[in-house]
Amino acid sequence: MSSWNSTGLEVLSNVFGWIAFVAWSISFYPQVLLNYRRKSVVGLNFDFVVLNLTKHSSYLIYNVSVYFSSAVQRQYYKKYGSKQMIPVAANDVAFSSHAVLLTAFTLFQITIYDRGSQMVSKITIAIVTGAWTIVAICVVIAIQTHSWLWLVSCFNMLQVSMTAIKYIPQAIMNFKRKSTAGFSIGNILLDLLGGLTNYGQMAVQSFDQHSWVNFFGNIGKTLLSLVSIFFDVLFIVQHYLLYPKKKPERSPSPDPVNHVSLVTSSQHV
């Protein structure tokens, strides 16, 4: 097992990692608080939340397995070399645990607050069902072959796939409504900070080890940040440039949106 060559870089990596953890963790709260203040979830795409829960659940399984399982770690060192560091840090485990809890709570808010005519689309239900079915098959294969690293990599690729898909329904909903009302931009700004510092942590570790195995050894974490940053920038453009909030809007009404467009976006995404 490899160790750090530079204490300074180790400290910097930890700083980047925990900044990412704090930013990503706090990013869930603006949407939760917005839902609570409005007593409404109209404008928040339900497909996004359901896909997000699948994403974070699979990411939690991956992080916990790689960080705590000696069997997974042995297979990782055998594949990438004993001098490499495992690609999961304590902040990754802490973040994914917190993310599952907050996403589940957001889903709970959807069940108790005004949601207009919105619903989870059949496409999303089919995607989630199919994804977990495939993972279940992978579990059966891994038990028979003892391919534990391969198994956790399946969970990792599942979370990458969900990351790539989950933002699309919200982006299309914003486009059809020509508005980002009901969707918190605060969580996007914090998500962007988390993605950038996450890359910073990985880059510092790679620089210290004089190896870029950290990036392709944990391709899920690499793609997670890349996809997240892309959509964060898209949402920022939608919120501030394409569909800026109209100043005269001071109505406390939680439903200043067109229900027809919301139903359409929910059913066709």
Side-chain angles (χ1 to χ4, degrees), residues 15-35 41 43-56 58-59 91-92 95-96 98-99 102-103 106 124 127 156-204 206 212 214-216 218-247 257 261-262 265-266 268-269:
V15 169
F16 275 140
W18 287 106
I19 289 176
F21 163 72
V22 171
W24 273 340
S25 296
I26 295 177
S27 72
F28 291 91
Y29 290 94
Q31 186 66 58
V32 169
L33 294 174
L34 180 63
N35 296 341
V41 289
L44 171 64
N45 191 280
F46 301 167
D47 292 346
F48 170 78
V49 179
V50 172
L51 293 169
N52 210 20
L53 183 59
T54 298
K55 179 261 181 188
H56 287 304
S58 56
Y59 193 41
N91 60 274
D92 296 317
F95 161 72
S96 52
H98 179 268
L102 265 293
T103 306
T106 304
T124 291
I127 290 174
N156 200 16
M157 293 313 297
L158 172 58
Q159 72 91 7
V160 172
S161 301
M162 292 299 105
T163 300
I165 296 172
K166 71 173 186 175
Y167 293 105
I168 297 175
Q170 186 68 57
I172 293 178
M173 175 181 275
N174 294 344
F175 170 74
K176 289 187 175 182
R177 297 170 62 223
K178 298 296 183 289
S179 170
T180 57
F183 181 62
S184 175
I185 193 61
N187 100 343
I188 297 302
L189 297 175
L190 289 165
D191 190 55
L192 178 60
L193 173 62
L196 293 173
T197 51
N198 180 57
Y199 263 137
Q201 182 187 37
M202 296 177 71
V204 168
S206 296
W212 296 100
N214 186 43
F215 278 89
F216 58 81
N218 188 359
I219 191 66
K221 189 174 181 180
T222 303
L223 293 178
L224 165 65
S225 294
L226 184 63
V227 174
S228 295
I229 290 172
F230 171 79
F231 278 100
D232 287 339
V233 172
L234 174 62
F235 287 131
I236 289 172
V237 170
Q238 284 185 323
H239 184 80
Y240 291 109
L241 299 179
L242 299 180
Y243 319 123
K245 194 172 183 178
K246 296 178 176 59
K247 291 184 179 180
V257 295
S261 63
L262 288 170
S265 63
S266 176
H268 289 79
V269 177

Examine the side chains of N187 and Q31 and answer whether a donor and an acceptor come within less than 3.5 Å of each other. no
How close do V49 and T103 get, heavy atom to heavy atom, and via which atoms? O-CG2, 3.7 Å
Flag the pair L196 / L192 as yes when at least one side-chain heavy-atom distance between them is below 4.5 Å, and no otherwise. yes
Under 3.5 Å, is there a donor-acceptor pair between the side chain of Q238 and the main chain of T180? no
Can you label the angle between the F48 ring and the F183 ring as parallel, tilted or perpendicular, going by 30° and 60°? perpendicular
F28 vs F95 aromatic rings, parallel, tilted or perpendicular, using cut-offs 30° and 60°? tilted
Using 30° and 60° as the class boundaries, would you call the ring planes of F231 and F235 parallel, tilted or perpendicular? tilted
Donor-acceptor contact below 3.5 Å, side chain N91 vs main chain G17: yes
Looking only at heavy atoms, what is the nearest atom pair of S184 and P30, with distance? OG-CB, 3.0 Å
Between OG1 on residue T163 and CG on residue L158, distance to nearest 0.5 Å: 9.0 Å
Under 4.5 Å between any side-chain heavy atoms of W24 and N198, yes or no? yes
Give a yes or no on whether the backbone of D47 and the side-chain of Q170 come within a donor-acceptor separation of less than 3.5 Å. no
Mind checking the CG-OG1 spacing from L44 to T106? Nearest 0.5 Å is all I need. 7.5 Å
Between CG of L190 and CD1 of I185, what distance do you get to the nearest 0.5 Å? 10.5 Å
